[in-house]
Amino acid sequence: MSAPTATAGAPTTGRPAPAWVGRAYASGWLLLLPSLVALVVLFVVPLASIVVDSFTEPSTGLGNYSSLFTDGYTIRVLSRTLLVALVVSVVGVLLAYPYAYAMTLVGPTMRAVLVTVVLIPFWTSMLARNFAWMVLMQDGGVIQDMLRPFGLGDVTLLGTTLAVAISMTQVLLPFLVLPMYSAMEQIDGRLLAAGQSLGAPRTRAFRRIYLPLSTPGVVAGMSLVFVLALGFYVTPALLGSTRTAMIAQVINVRTKELLDFGGAGAMGMFLLAVTLVVLGLSRRVAGRNVAAVAAGGQPARTRASGERSSNVRPWLKAHTTVVAILLAAPTLVVIPMSFSSAQTFRFPPDGWSLRWYRELFTSPEWIAAILNSLQVGIFTALFATVLGTTAAFGLTRLRPRARGALNGFLLSPMIVPHILVALVVFSAFLRLGLNGTLIGIILAHTALAVPFVVIAVTARLQGMDRRLSSVAASLGASPVSVFRRVTLPLVMPGILSGAVLAFVTSLDEVVIALFLQAPGAITLPVQMFNSVTVQIDPTISAASSLMVVLVSVPILLAQVAGARRGKGGTR
Amino acid sequence: MKTSIARPAAPEATSISASGGRVELVDLSKRYGNGEPPAVDDISLDIEPGEFITLLGPSGSGKTTTLNMIVGFTEPTSGRIRLGGRDISRMPPHKRNFGMVFQNYALFPHLTVAQNVAFPLRERKVSTVETTRLVGEALDLVDLGGMENRRPHELSGGQQQRVALARAVVFSPSVLLLDEPLSALDRKLRQSLQREIKRLHKELGLTFVFVTHDQDEAMTLSDRIAIFDRGRIVSVGTPADLYHRPANQFVARFLGESNVFAGRYRGTDVYEWHDRKWTVTEQRYGAEERALVVRPERVGVALDEESVPPGRNAAPAVVTDVSFYGTYYRIELAYGDGAVGCAVLPVGAPAAVDPGAAVVAHWRPEDQVLVSE
């Protein structure tokens, strides 16, 4: 073992906790209070009232639920939704698994490239990506041109379930690659060699050793994508049609047009139930295998990098390239599109100009949308950071059992499908008169963003050597001084990245903003959404490019700052 | 500037030094729960000014809890801690003016070496000029001059621990507490830092309270050792005293190796072990003393009863293992009643024994100690 170079080590012994811990429980609850109140008011109470509605509106009983499984139209929508979600997650796994595997084989430079490619979709706003797919799939678009030589030139893609599925697969692909990659990273590459030395041919060694060990990542990614796909609203709304509606679209119509909170609520509850079951099952399956991986010992990194790249077979290279193109394609479409001179969504553009940027920055609607989005994003980041940071500090002071339960509660907005959050918030804010106000959107986004801050700050706090505050006290620092001079600087990178995540989440959030929109309260994604559904306005391409900048710049800045500040901060 | 802190930075040249403080632990106890046995059970200990005292014991014996109570991280359930006669039991740690060094260095990762060492000075509102001077002096003291602007993660483990030492003494505390400061280091570094710590102790004249579970470390460094077992101090004394005259079986077994015989003390001068009657020369033993202890280097090995020198006590044994250590052989012995022990013989001693051989272990009566359970 090499001598430990980092200063921080997890507290090594189970020594009894320091004396202040007893007093800390109380202050822990106090610190948690604001976020708990916010979550209960913004989320739990409205959710409960929707649950009540689903059993009482329009008449008391299980009518809303039984019609889920008896009404022909609803059954078709439900089965279509489940089918699409299943296909998207399975096809996604088939695309992502070899890509993630290739990431573990290549050298450091190539790995950095592949990681960047996976992250590109995250930096490109959701709406921009869907818009890119609209451009690619439109009649006379690039994909039709490519299919023409095969005699398939007249196949209409836009408005079909196929178009929805393709686009959703691309949009959700990073959620598959990343967990799989992190699971594969843990696998000791020498295990395969060991398997071969024990007489298993290469492919069988892969199937019997590598595949089972990478299962946790596959299960985690697949269930996450399945769940996200179930509640997807934007993609089916933009690329599908009412004839190919998925459940989220139906919830939207029932909520906003019919104000049928009972029916929509029942659908939302069904979605939530499926989500919880799938995530619960996946945790059990993945949890079982995680132990096996942990017992597997050293990570694959120990192998010499020279031997790595030779392992990348030609077919794997080809596959990885295709997936990389798929991941980057929408971004590569959106940015050139924004410099088009044409009035249409033609790609590649026939001529170049800056007219759409001029339009973006001169049209009062677009300017208002940009300013609204920035305003909502900044306030969301502010509120979520304050609430999430105090909550994370509070959590660390609780007894382990209470901590686990409350942590789960604080993170719960993450697993609830956004469409259900939108429905819940819409019905609650309707009663409070907050619909169509920016403050309403800010509050709803805050509830969504708090978990990100909690996660980022908690990770930082857990990585921090708890004894550093003891040592500071022994050196003469009063509790206030300890917090100001030791704890806060060390946790700051977590707070900053939490704030950035909160800002970006809010900036990119469409569904809730769509539900709560009103003429005075239109955010940039909503304006973009409307610009393709309500009117055909190519300004969206300039707006998409602006979104790429708005989203990626804070992330990059946070990473640079994090790299500088965090140097040796935690392990 | 308030001077509730022991001593403001002094103007003389060798400003990092202070008179050591006297620490008294009086009937100190710590309980964590009613059902559990106390972590520290009614201990009392006087630590002399300038003394190097080691709290030694197996893990879970209460030594670190005791240290945490001294520094103020843990509040005692009962009892008092006094510094120079003043009760400090309820004083928060940042007002006690004790230096502390932790096992895994616990340097502030966001600060440079110099900023780490300056930390306690800034808390004490020492002027910038003075701080720079003291930090330089402290770093010179631990041989780290020129490392001021490094970050902790750029240093080796040994260097990090030196920074921690500098940081713990730069504000001239009256007592320096060290919680297993060397256990994360490899053997060689450990030895060089042991020397460093000893030198610091001599140069600074502080009271050192050192916690370890490593008996060799305790023996080489300390003026006195307090041996902990299950929350109690079972023995206090100089290393030589504890080794040669262990007060009880626990000390005998914990500190160094021993041959322990469970027999019976019969009145004035006879110790009975099975059918053997051994001579007892010292008369200071009471009735409760049960076990007889002989240290391995005092044990001779004879091939049969006849060759045991006259006047020695002897016990038959079987050799179970012989290992060569360069300067000596270590011979493991199994006695008839299941007890095991060992003898250490200098290289060149005639006894050429192999595992399995039946031998007779013998020693002078003066070299044995009778101890309580």
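All values derive from a computational prediction rather than experimental measurement. First the proteins, then the strands, lettered A, B, ... as listed; each starts at 1.
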Might you confirm whether atom [atom1] of [X] has over 12 heavy atoms from other residues, nucleotides or ligands at distances under 6.0 Å?
| X | atom1 | value |
| --- | --- | --- |
| Arg403(A) | CZ | yes |
| Arg230(B) | CZ | no |
| Phe393(A) | CZ | yes |
| Arg190(B) | CZ | yes |
| Arg401(A) | CZ | no |

Might you point out which heavy atoms bring [X] and [Y] nearest each other, and give the distance in Å?
| X | Y | answer |
| --- | --- | --- |
| Ser478(A) | Glu123(B) | N-OE1, 4.2 Å |
| Pro109(B) | Leu490(A) | CG-CD2, 3.4 Å |
| Val471(A) | Arg167(B) | CG2-NH2, 3.3 Å |
| Leu107(B) | Leu468(A) | O-CD2, 3.2 Å |
| Phe73(B) | Ser470(A) | CZ-O, 2.9 Å |

Donor-acceptor check, side chain of Arg467(A) to backbone of Tyr105(B), threshold 3.5 angstrom: yes or no?
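Pair absent, no side-chain N/O of Arg467(A) close to backbone of Tyr105(B).
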Point to revise | Expected output: side-chain His94(B) to main-chain Ser481(A) donor-acceptor under 3.5 Å | key: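 Absent.
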TODO: To the nearest 0.5 Å, tell me how far Leu475(A) CG sits from Arg124(B) CZ.
DONE: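 Separation between the atoms: 7.0 Å.
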| field | Spacing of CZ belonging to Phe171(B) relative to OG belonging to Ser474(A), to within rounding of 0.5 Å | value |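 Answer for the CZ-OG pair, Phe171(B) versus Ser474(A), is 6.0 Å.
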- Message: Please classify the contact between Phe98(B) and chain A as side chain, backbone, both or neither, with a heavy-atom cut-off of under 4.5 Å.
- Response: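 Contact with chain A is through the backbone of Phe98(B) alone.
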### Validation row: Pro489(A), Phe108(B) side chains within 4.5 angstrom (heavy atoms)
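No, side chains not in contact.
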